[in-house]
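Some notes on the structure that comes next.
In what follows, chains carry the letters A, B, and so on, assigned in the order in which the sequence lines appear, proteins first and then strands, with residues in each chain numbered from 1. Below, all heavy atoms of this structure are taken into account, side chains as well, without hydrogens, waters or symmetry copies.
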Amino acid sequence: MKTAVVLLPGLNRDRDMIAALRTITGKKPVTVWQTETALPDVDLVVVPGGFSFGDYLRAGAIAARSPVMRAVADAAAKGVPVLGVCNGFQILCEAGLLPGALMRNAALRFVCREVKLEVVNARTRFSTAYEEGQIIRCPVAHHDGNYFADDATLKSLKDDGQIVFRYAEGTNPNGAIHDIAGIVNKAGNVLGMMPHPENLVEPEHGGTDGRGIFESLLGASTSVAA
Amino acid sequence: MPTELKITPELVALHGLKPEEYERVLSLIGREPSLTELGIFSAMWNEHCSYKSSKRWLRTLPTKGERVIQGPGENAGVVDIGDGLCVVFKMESHNHPSYIEPYQGAATGVGGILRDVFTMGARPIAAMNALRFGAPDHPKTRHLVAGVVAGVGGYGNSFGVPTVGGEVNFHSRYNGNCLVNAFAAGLAKSDAIFYSEAKGVGLPVVYLGAKTGRDGVGGATMASAEFDETIEDKRPTVQVGDPFTEKCLLEACLELMQTGAVIAIQDMGAAGLTCSAVEMGAKGGLGIELDLNAVPVREDGMTPYEMMLSESQERMLMVLDPDKRAEAEAIFVKWGLDFAIVGKTTDDLRFRVLFDGQEVANLPIRELGDEAPEYDRPWVEPKPRPVISASDVPAPSDCGAALLSLLGSPDLCSRRWVFEQYDTMIQGNSLQRPGGDAGVVRVDGHATKALAFSSDVTPRYCEADPYQGGAQAVAECWRNLCAVGAEPLAATDNLNFGNPEKPELMGQFVKAVEGIGAACNALAFPIVSGNVSLYNETHGQAILPTPTIGGVGLIEDRTKTARIDSLKSGDVLFLVGADGSHIGASAYLATIEDREDGTPPPVDLAVEKRNGDFVRSVIAKGMVRTCHDLSDGGLAVALAELAMASRLGADIEAGDGPDHAILFGEDQARYVVALAPDDAQRFEAAARDAGVPIRRLGTAGGDRLRIAGRLDLTVRAMTVANESWFPSYMSGTLVEPPAAA
């Protein structure tokens with residue numbers, strides 16, 4: 001699987017993501033700098049986490065207007081899988097590739113801890129390696145992860161199976177509405193999620209529950225830790 | 001030379017220079033200085049930059065070792081970790097700014113220490129923070145805790161370094177002067193370290209990073225004075241941090257260093273452009289000429305005085321190989337940062353500053369640093385305190401209630417509220433995160449190695465006996481590294497004390513440094529970098545003497561480590577070291593008896609070394625996978641912490657003796673370890689061979705911690721007590737910890 005990682009100034013989990021992709025796909029991802037207007041031909045585009053442009057103004061708002069994000073939008077429109085994690089999720093929302101918004105955490109503080117996620121929809125191309133209803137571990141680290149959308153959007157997210165991950169077992173760390181942790185677009189090829197699966201992909205991370213997202217994309221049906 | 005202002009004694013005093021120091025300026029340059037020159041002297045000769053009161057004592061510390069590549073005197077210390085790699089680290093205080101403006105003060109403290117590390121060519125891989133606040137019931141404390149913790153997180157999280165350890169303490173002696181000591185460590189190739197020594201005449205001096213504004217003008221001078229009620233007026237001397245720019249600066253600098261363009265590089269920290277330029281020139285035996293019209297500025301109408309003293313953040317100065325100029329500039333353009341040639345190196349050993357075609361300063365560069373005043377301040381031996389023996393203190397009527405009180409006390413309760421605001425896992429290499437004995441981080445790209453980090457000091461011990469307290473800070477740091485199985489390599493010291501012009505306080509400093517030196521020598525744990533923060537007092541009330549020690553250890557095989565949360569049912573628990581006996585200056589005495597008297601536990605460095613070497617050896621053999629050091633609160637608190645972290649109880653026989661001494665005595669050089677029952681005999685034999693006293697404590701299992709004849713608590717009750725204090729306190733809903741379960 002060929003992958004590309006978008007690089008924007010201020011992102012800081014790009015190295016984590018590159019390492020995870022390399023470990024799991026066996027190939028080093030291509031990196032694409034913010035000023036580039038075209039993406040290489042790849043099977044997955046990732047917008048990693050961090051604080052693009054310092055998250056000054058609003059998390060992801062400035063990054064969403066960078067040249068490379070127009071290229072990401074074009075690729076998404078062509079059906080190329082796009083994964084946005086943390087700041088990447090915020091950027092995809094700000095760019096209009098995903099519905100809703102990520103507000104400041106309910107406690108108004110940054111939070112870094114491990115949470116539980118329920119796999120709500122195991123039929124997306126990002127989640128087939130999991131079972132529906134499976135509970136997985138995953139770390140979070142963010143200041144603005146409080147997902148919100150209006151009632152109509154929430155209804156369509158639910159009706160169309162766009163909610164992929166939900167915080168489970170009372171571990172919602174940020175007040176996100178309906179415990180939403182990760183969603184896909186209607187076409188099912190753009191996933192945004194606040195938790196960091198890339199930080200839980202090898203035994204030395206203390207678990208491998210995050211691998212499933214990448215392995216789903218790989219098409220490998222190898223199971224992950226239950 | 002234009003003199004903008006008449007130099008009066010009042011103006012000299014406003015610059016923090018004593019009359020005799022000003023006389024020294026006059027005799028050095030043979031004329032009255034310009035205002036800009038006065039500002040430069042003030043910046044170079046204040047306590048913060050010149051170490052004029054401490055230098056004489058700092059020279060006594062051991063700074064060399066087989067693995068030490070660079071000791072004190074550079075931006076950070078450098079220690080070899082083998083295979084062509086090295087760890088670069090330092091700890092530095094940002095106390096005064098954090099008290100005035102907690103968020104920005106703490107944030108820029110983190111920013112400054114990160115810059116010290118990556119200036120040397122190292123990518124930061126770990127951070128820690130040692131924080132001391134006033135009494136919880138002091139009206140300012142909650143505000144300071146909230147602001148400082150958010151500031152530390154706000155900067156470090158955005159920059160992208162995992163915060164893997166630290167300390168938080170409360171004591172009324174910090175009411176008017178909190179402490180924020182920031183540690184950072186980076187990883188570099190041993191053959192690609194960058195230094196500040198300028199080389200070559202006529203080479204361009206380049207300004208990198210963010211623009212210069214009026215923020216922080218005179219910050220270092222402010223940090224070298226005592227506080228009074230006018231501190232609120234000093235808010236403009238606190239700088240504002242921009243972690244986004246710093247992150248870009250990191251990436252740009254590391255890219256730049258790859259090109260071979262950097263001849264010398266120095267970050268602009270305290271006293272900004274002045275200190276960095278003088279340091280680069282003086283170290284290289286060269287003069288520096290700066291043209292301030294070329295300095296990128298954020299505001300109009302800045303004077304040379306303001307530019308030379310600005311402490312705007314996220315800036316660097318370097319000497320550039322002129323052949324690589326285009327390549328170097330392109331990198332900074334890519335990252336959206338300023339790149340400006342602001343001067344050149346010269347061969348005349350003068351520090352010359354030009355503005356609008358006029359010379360606004362022309363000073364001898366070496367003397368600015370070397371001829372700074374140095375004091376042998378009068379000091380008196382601290383008064384020894386009476387020893388308190390356990391029989392002088394009533395035994396607890398209910399050992400379980402006493403343990404719960406300790407676990408729920410401000411100094412011993414869980415710091416989860418704090419460390420969950422720090423990104424502890426970014427970079428994907430954190431093997432042990434806060435909550436254990438030391439933070440452990442994988443060496444990125446290396447198959448087997450990891451590094452361990454710990455920050456320690458027990459200020460109430462230092463207050464009771466500065467020598468023992470200084471030695472104990474080093475010993476505890478060394479012990480925490482041993483407890484995870486790391487070989488302690490070297491340390492950085494952040495010495496926070498009161499006004500050195502008071503002989504009693506200078507005595508605390510002198511004796512603490514002596515204790516630190518003795519311990520570092522005995523444990524082969526050299527000091528490779530550090531920082532001194534004096535004048536930490538308000539209204540004449542000094543802080544507790546607080547020499548924070550930040551230590552770094554090396555784990556050769558990261559599959560052979562120990563941690564606090566890996567206790568398994570059926571594991572056999574052992575105490576390594578002697579039974580508890582010492583109750584003076586203990587957490588028990590302070591929390592249960594509300595007394596802070598007595599002597600601290602004596603540190604026997606030979607025993608410390610023997611026991612630590614033994615613990616490391618059994619961890620390296622794979623025999624011990626669970627370990628925790630004994631410190632505040634003694635054996636009972638250590639067992640409770642193991643049980644809470646592992647969510648598992650234990651049945652314990654703790655031996656004969658007064659309950660409070662056995663359970664809560666803070667005797668040094670001790671650990672609790674756990675191992676599989678099959679290994680118990682082998683372990684006992686190894687201890688015998690090493691001459692290390694051990695006690696078989698009992699077996700892990702169930703959901704209660706039972707200490708025979710003394711206490712019986714559910715792990716849950718202990719956890720509730722331990723986890724409740726911080727969130728309740730910060731939300732303003734503090735309730736008394738629950739009674740014994």
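- Contacts with chain A were tallied for B:Ser731, B:Cys248, B:Gly160, B:Ser158; B:Ser158 has the most, counting heavy-atom pairs under 4.5 Å.
- Contact tally against chain A (heavy-atom pairs below 4.5 Å) for B:Val161, B:Val149, B:Asp242: the top residue is B:Asp242.
- Salt-bridge formation is detected for the pair A:Glu204/B:Arg558: a Lys NZ or Arg NE/NH1/NH2 atom is positioned less than 4.0 Å from an Asp or Glu carboxylate oxygen.
- For the pair B:Gln427/A:Arg15, no side-chain contact is recorded, criterion being any heavy-atom separation below 4.5 Å from C-beta on.
- Interface remark: B:Arg416 contributes no atoms to any contact with chain A (heavy atom separation under 4.5 Å).
- Applying the 6.0 Å contact sphere to CZ of A:Arg65 captures more than 12 heavy atoms from other residues, nucleotides or ligands.
- In this structure, the portion of B:Asp444 lying under 4.5 Å from any heavy atom of chain A is its side chain and not its backbone.
- Taken from CZ in B:Arg433 to CD in A:Glu114, the straight-line distance is 7.0 Å, to the nearest 0.5 Å.
- Contact record, A:His205 with B:Gly428: NE2-O, 3.0 Å, taken as the closest heavy-atom pair.
- Between B:Phe244 and A:Phe53, the two ring planes are tilted [angle within 30° to 60°].
- Of the atoms belonging to A:Glu198, not a single heavy atom falls under 4.5 Å from chain B.
- Around the CZ atom of B:Arg647, the shell of radius 6.0 Å holds no more than 12 heavy atoms that belong to other residues, nucleotides or ligands.
- In the displayed structure, A:Glu202 atom CD is contacted under 6.0 Å by more than 12 heavy atoms of other residues, nucleotides or ligands.
- Heavy-atom distances place the backbone of A:Leu11, and not its side chain, under 4.5 Å from chain B.
- Counting heavy atoms of neighbouring residues, nucleotides and ligands inside a 6.0 Å radius, atom NZ of A:Lys116 does not exceed 12 of them.
- Closest non-hydrogen pair, A:Asp16 versus B:Ile426, comes out as OD2-C, 3.6 Å.
- Side-chain contact between A:Phe51 and B:Lys247 is absent, with no heavy-atom pair separated by less than 4.5 Å.
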Verdict with supporting geometry, A:Cys112 and B:Gln421, side chain to side chain contact (heavy atoms under 4.5 Å, CB included): CA-CA 6 Å; A:Cys112 176; B:Gln421 293 187 58; over 6 Å; no

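- Heavy atoms only, all atoms of each residue included: B:Met425 and A:Arg113 are closest at CE-O, 4.1 Å.
- Residues A:Phe110 and B:Asp423 meet the side-chain proximity criterion, which asks for heavy atoms closer than 4.5 Å.
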